[in-house]
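Written below as structure tokens is the structure these notes are about.
Keep in mind that what you see is a predicted model, and the values were worked out from it rather than measured.
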Number of protein chains: 2
Amino acid sequence: MADDRFLEHCLFFTANRLGRIITKIAEEEFAETGLTPMYGYLIRLAIGKPGISQKELAEKLSIASSTLTRFVDKLEAKKLVKRRVSGKTVQVFPTEKAIAMEEALLRASHNLHARLDAILGKETTAAITEAVLKTSKRLEQN
Amino acid sequence: MADDRFLEHCLFFTANRLGRIITKIAEEEFAETGLTPMYGYLIRLAIGKPGISQKELAEKLSIASSTLTRFVDKLEAKKLVKRRVSGKTVQVFPTEKAIAMEEALLRASHNLHARLDAILGKETTAAITEAVLKTSKRLEQN
DNA sequence: ATTCATTAGTTGTACATACAAAATAAAAAG
DNA sequence: CTTTTTATTTTGTATGTACAACTAATGAAT
């Protein structure tokens, strides 16, 4: 009796499994930027809104503020962002070096999407992404 | 121009976001067992097939073998599994203590599912779980 | 204006996870 | 039956992530 189908029926398990698999793919596509996808996205947010607060970054990226602090630490060490303290908030600005990377970051995102579309089909990719997003939003409010 | 919708259209991002959110919920439901869900599932697999090899456990749980080694280390330290070396493979057996926990583990799984069903609806939960599983399987083969 | 409560950020610590390299054992090839 | 190859596990190291406790700054209430 090896009834192990319970794993495949558990959303906790399947969601994290998908996360692990897709993270590997995303990291491959972002490898040429020298950053992992989350760092790339942080930079894109900082370019889109220079001076964005760390609080807002953490919310947009859906990570804990302590995690964000560490991400910004690393990007600052790489001279990709600069902090400016403004009262009790910290504003994050992209450096010239980061702005120069924007093209590469957009390309990596594009390649990632193209790769997923090629495997899953454009429709399916959009549908599953939407479904996953909606699910996470509903779970968040509980 | 703060065009940050790109995050919500990225499956890498949404899948990991869902993973983080649902992990928190799952850990709450498993708290009474004193284990996190992945450890609970490992034990269930060992109970379902006493003597299961670490390789098979890693495959079933979709984690790297190095990760599995560490999980088994921890469960062995808690006297919940025992290792038996058998040639180049290691067999994993549940202890009496683990077997005595089975009920509680099943209950935690059940409570987790019930909670998800209550938030998302039974149909939706099943559908998203199935879709996520299928997606991860297709991505795995590439 | 002083005290109190709230908010933003940082730091210490811990855990899950992975990769690459090393160790070990079995199996295959000569 | 020795050598080489392959398979399984472990270990060293690194990263992502979180929580709890702490610091610092703002805002509110007396």
Quiz item: Think A:Ser53 has a side-chain N or O under 4.0 angstrom from the OP1 or OP2 of C:dA8?
Solution: no
Exercise. Could you list the residues that satisfy side chain to side chain donor-acceptor pair (under 3.5 Å) with B:Lys55, not counting sequence neighbours?
Key: B:Glu59
Exercise. Could you check which residues of residues 17-25 of chain B get a heavy atom under 4.0 Å from DNA chain D? Sort them by number, please.
Key: B:Arg20, B:Lys24
Quiz item: Start at the 5' end of DNA chain C and walk down; is the nucleotide closest to B:Met38 or to A:Gln54 reached first?
Solution: A:Gln54
Quiz prompt | Side chains of A:Arg20 and B:Ser62 in contact at under 4.5 Å (non-hydrogen atoms) | solution = yes
Quiz item: Which two nucleotides bound the region of DNA chain D that has atoms under 4.0 Å from heavy atoms of chain A, read 5' to 3'?
Solution: D:dG16 to D:dT26
Please report, to 0.1 Å, the donor-acceptor pairs under 3.5 Å made by any side chain of residues 32-42 of chain B, with sequence neighbours excluded.
residue	atom	partner	partner atom	Å
B:Thr33	OG1	B:Phe30	O	2.6
B:Thr33	OG1	B:Leu35	N	3.1
B:Thr33	OG1	B:Leu35	O	3.4

Quiz item: B:Glu27 CD to C:dA16 C1': how many Å, rounded?
Solution: 10 Å
Quiz item: Given B:Arg83 and B:Asp73, is the salt bridge (charged side-chain N to carboxylate O under 4.0 Å, His left out) satisfied, shown in steps?
Solution: CA-CA 9 Å; B:Arg83 283 180 161 107; B:Asp73 287 348; 2.9 Å; yes
Quiz item: Under the salt bridge (Lys or Arg N to Asp or Glu O under 4.0 Å) rule, what pairs show up with a residue in residues 131-142 of chain B, not counting sequence neighbours?
Solution: A:Glu8-B:Lys137, A:Arg17-B:Glu140
Quiz item: Heavy-atom contacts under 4.0 Å between residues 62-83 of chain A and DNA chain C, which residues?
Solution: A:Ser65, A:Ser66, A:Thr69, A:Arg70, A:Arg83
Between protein and nucleic acid, restricted to nucleotides 21-25 of chain C and to nitrogen or oxygen atoms under 3.5 Å apart, what atom pairs and distances do you find?
none

Practice problem: Rounded to the nearest angstrom, tell me the gap between atom OH in B:Tyr41 and atom C1' in C:dT17. | Solution: 18 Å
Quiz item: Given B:Glu29, which of B:Arg115, B:Lys24, B:Arg107 fulfils the salt bridge (Lys or Arg N to Asp or Glu O under 4.0 Å) condition?
Solution: B:Arg115
Self-check item: Partner set under side chain to side chain donor-acceptor pair (under 3.5 Å) for B:Arg70, not counting sequence neighbours
Solution: none
Quiz prompt | Pairs satisfying ring pair (Phe, Tyr, Trp, His ring centres under 6.0 Å), at least one member in residues 113-142 of chain B, at least two apart | solution = none
Exercise. Please confirm whether the backbone N or O of A:Glu96 pairs with a side-chain atom of A:Lys79, one donor and one acceptor, at under 3.5 Å?
Key: no
Contacts table for residues 125-133 of chain A: side-chain donor-acceptor under 3.5 angstrom, sequence neighbours left out:
residue	atom	partner	partner atom	Å
A:Thr125	OG1	A:Asp117	OD1	3.2
A:Thr125	OG1	A:Gly121	O	2.8
A:Thr129	OG1	A:Thr125	O	2.6

Exercise. Nearest whole angstrom, please: distance from the C1' of C:dA8 to the CZ of A:Arg84.
Key: 17 Å
Practice problem: Validate the cation-pi geometry between A:Arg44 and B:Phe6: distance from NZ or CZ to the six-membered ring centre under 6.0 Å, angle to the ring axis within 45°. | Solution: yes
Quiz item: Please, which pairs that meet ring pair (Phe, Tyr, Trp, His ring centres under 6.0 Å) have at least one residue in residues 44-65 of chain B, sequence neighbours excluded?
Solution: none
Quiz item: Taking only residues at least two apart or on different chains, which pairs with a member in residues 45-64 of chain A satisfy ring pair (Phe, Tyr, Trp, His ring centres under 6.0 Å)?
Solution: none
